[in-house]
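Quick caveat, the model's predicted, so the values are computed rather than measured. We number each residue from 1, following the sequence as shown.
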Amino acid sequence: MNTLLRIDSSLRLEDSYSRRMGDYFVNQWIMKHPDGAVIQRDTTIHPTPHLTQQTYDAFLDESLHSEGLLLSDELIDELYRSSEILITCPMYNYGIPSSLKAYFDLVIRTRKTFMYDHGIKGLLSGKKAHIISVAGGIHSAHGGVNPLEIHLTSILNHMGIRDIRYFPLEGTAAPDQLSEKMNVIETSIFKYLN
């Protein structure tokens, strides 16, 4: 069965462009996979705690009890259960939201999502990832990826995920062109999923 893990990170629970584009993606994905399942992970509604030394020590020695270790195991289990991952990510101060960074700090674990084998080997290969990035300004070079996509691609590659599709919505601070830009992204998602 196809399973989509959706990870949202926008601070806005209403009027969020990334959430709106994520909703559109999920609706189209469900139409393509009517028997599929969607796992929801929202780093704002259910804040992901930042990595602590206690949790990091438990990563290295699992006999040490840590609430962070239990959450890390839960988050990693969701990644393994999914065949596809959708990340909706707004840009805050030229980077990803801190709650999303905290999420990745808990799932990037040696022997769980990557290992050292004559270099780094990701353990989540064979999965697809989709990134919906949103920025108020224009940050992509012509035909290039934006800083959010570069960061998220590095993280996903580290875990072995290399099949990544990008849906950037940039320039949301210019409301006169926003409707047209959102239509372009929705059309791109529709063509990709159909």
Side-chain angles (χ1 to χ4, degrees), residues 3-30 36-52 54-56 59 66-109 112-113 124 127-137 139 145-156 158-159 161 164-173 175 178 181-182 185-186 189:
T3 302
L4 176 68
L5 170 60
R6 174 181 177 171
I7 305 168
D8 290 309
S9 58
S10 175
L11 295 175
R12 295 178 185 216
L13 301 182
E14 296 180 9
D15 301 322
S16 165
Y17 301 122
S18 63
R19 290 178 187 277
R20 178 174 165 185
M21 293 292 98
D23 290 344
Y24 181 82
F25 185 101
V26 169
N27 288 337
Q28 294 299 313
W29 188 89
I30 289 171
V38 177
I39 301 170
Q40 295 272 152
R41 175 60 61 178
D42 194 309
T43 64
T44 298
I45 294 174
H46 302 288
T48 308
H50 290 281
L51 185 62
T52 64
Q54 180 185 19
T55 299
Y56 181 77
F59 286 176
S66 165
E67 291 297 319
L69 182 66
L70 295 175
L71 177 58
S72 173
D73 288 341
E74 179 184 335
L75 298 176
I76 289 170
D77 180 63
E78 289 176 353
L79 286 167
Y80 274 99
R81 288 185 357 227
S82 65
S83 50
E84 300 181 51
I85 301 159
L86 170 65
I87 301 171
T88 68
C89 181
M91 178 182 283
Y92 295 143
N93 299 319
Y94 299 96
I96 66 174
S98 62
S99 63
L100 186 58
K101 171 68 166 68
Y103 170 88
F104 284 118
D105 284 344
L106 290 181
V107 300
I108 297 176
R109 281 175 58 192
K112 295 288 185 176
T113 55
L124 295 176
K127 297 182 184 295
K128 291 182 179 180
H130 320 285
I131 299 172
I132 295 175
S133 60
V134 176
H139 298 277
V145 293
N146 65 43
L148 297 178
E149 293 168 348
I150 293 168
H151 189 172
L152 293 172
T153 297
S154 297
I155 290 170
L156 293 169
H158 189 86
M159 296 188 291
I161 301 169
I164 304 170
R165 179 65 186 233
Y166 309 98
F167 302 98
L169 175 61
E170 296 186 287
T172 59
L178 189 53
K181 289 179 179 184
M182 292 180 78
I185 298 302
E186 288 179 352
I189 291 170

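- In this structure, the separation between CD1 on Ile131 and CZ on Phe25 is 11.0 Å, given to the nearest 0.5 Å.
- Side-chain contact annotation: Arg19 with Thr88, donor-acceptor N/O pair under 3.5 Å absent.
- When side chains are defined from C-beta on, Val107 counts as touching Leu79, because their heavy atoms get closer than 4.5 Å.
- Among all heavy-atom pairs drawn from Ile96 and Cys89, the shortest one is CG2-SG, 3.7 Å.
- A side chain to side chain donor-acceptor pair (under 3.5 Å) with Glu84 is found for exactly one of His130, Arg165, Lys128, namely His130.
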**Q.** Residues Val26, Leu86; criterion side chain to side chain contact (heavy atoms under 4.5 Å, CB included); working and verdict
**A.** CA-CA 9 Å; Val26 169; Leu86 170 65; 3.9 Å; yes

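- Closest heavy-atom contact between Lys181 and Gly171: NZ-CA, 3.6 Å.
- In the displayed structure, Lys101 atom NZ is contacted under 6.0 Å by at most 12 heavy atoms of other residues, nucleotides or ligands.
- Note that CG of Leu5 is 9.0 Å distant from CG of Leu75, once rounded to the nearest 0.5 Å.
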Q. Yes or no on side chain to side chain contact (heavy atoms under 4.5 Å, CB included) for Lys127 and Leu156, after CA distance, side-chain angles and deciding distance?
A. CA-CA 10 Å; Lys127 297 182 184 295; Leu156 293 169; over 6 Å; no

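- When every heavy atom of Ser10 is checked against every heavy atom of Thr44, the shortest pair comes out as O-OG1, 3.0 Å.
- Side-chain contact between Asp73 and Arg109 is present, with heavy atoms from C-beta onward closer than 4.5 Å.
- Separation of atoms CG (Asp8) and CD1 (Ile45) is listed at 7.5 Å; rounding is to 0.5 Å.
- Residues Gln40 and Glu78 fail the side-chain proximity criterion, which asks for heavy atoms closer than 4.5 Å.
- In this structure, CD1 in Ile185 is found 8.0 Å from CZ in Phe167, a value given to the nearest 0.5 Å.
- Remark: the backbone N or O of Leu13 is not paired with any side-chain donor or acceptor of Ser16 at under 3.5 angstrom.
- Side-chain N/O atoms of Tyr166 and Thr153 include a donor and acceptor closer than 3.5 Å.
- With hydrogens and angles ignored, the 3.5 Å screen pairs no side-chain donor or acceptor of Ser72 with any backbone N or O of Gly68.
- Annotation for Ala102 and Pro49: closest pair CB-O, 3.7 Å, computed over non-hydrogen atoms.
- Side-chain atoms of Gln28 and Glu186, non-hydrogen and from C-beta on, never get closer than 4.5 Å to each other.
- Tyr80 OH: more than 12 foreign heavy atoms inside a 6.0 Å radius.
- At least one donor-acceptor pair under 3.5 Å links the side chain of Ser66 to the backbone N or O of Leu69.
- Here Glu74 pairs with Arg41 in a salt bridge; the nearest charged N to carboxylate O distance falls below 4.0 Å.
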Q. Passes side chain to side chain contact (heavy atoms under 4.5 Å, CB included), Arg12 versus Ser18? Steps please.
A. CA-CA 9 Å; Arg12 295 178 185 216; Ser18 63; over 6 Å; no

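- Crowding of Arg81 atom CZ: a count of heavy atoms from other residues, nucleotides or ligands under 6.0 Å exceeding 12.
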Q. Hey, mind stepping through Leu178 and Tyr17 against side chain to side chain contact (heavy atoms under 4.5 Å, CB included) and telling me if it holds?
A. CA-CA 10 Å; Leu178 189 53; Tyr17 301 122; 3.0 Å; yes

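- A distance-only check finds no donor-acceptor pair linking the side chain of Thr172 to the backbone of Gly137 [under 3.5 Å].
- No side-chain donor from either of Ser83 and Thr3 sits under 3.5 Å from a side-chain acceptor of the other.
- At least one side-chain heavy atom of Leu152 sits under 4.5 Å from a side-chain heavy atom of Phe104.
- Looking at every heavy atom in both residues, Leu106 comes nearest to Ile76 through O-CD1, 4.1 Å.
- The backbone N or O of Leu11 lies less than 3.5 Å from a partner atom in the side chain of Tyr92, making a donor-acceptor pair.
- Summarising the geometry of Ser82 relative to Ile85, their closest heavy-atom pair is OG-CG1, 3.8 Å, with the distance given to 0.1 Å.
- Remark: side-chain polar atoms of Tyr103 are not paired, donor with acceptor, to backbone N or O of Ser9 under 3.5 angstrom.
- Atoms NE2 and OG1, from His46 and Thr48 in turn, are 10.0 Å apart once rounded to the nearest 0.5 Å.
- Side-chain atoms of Glu149 come within 3.5 Å of backbone N or O of Asn146 as a donor-acceptor pair.
- Comment: Lys112 does not engage Asp77 in a salt bridge, judged by the lack of any side-chain N to carboxylate O separation of less than 4.0 angstrom.
- Note that CD1 of Ile87 and CG of Leu100 are 6.5 Å apart. Values are rounded to the nearest 0.5 Å.
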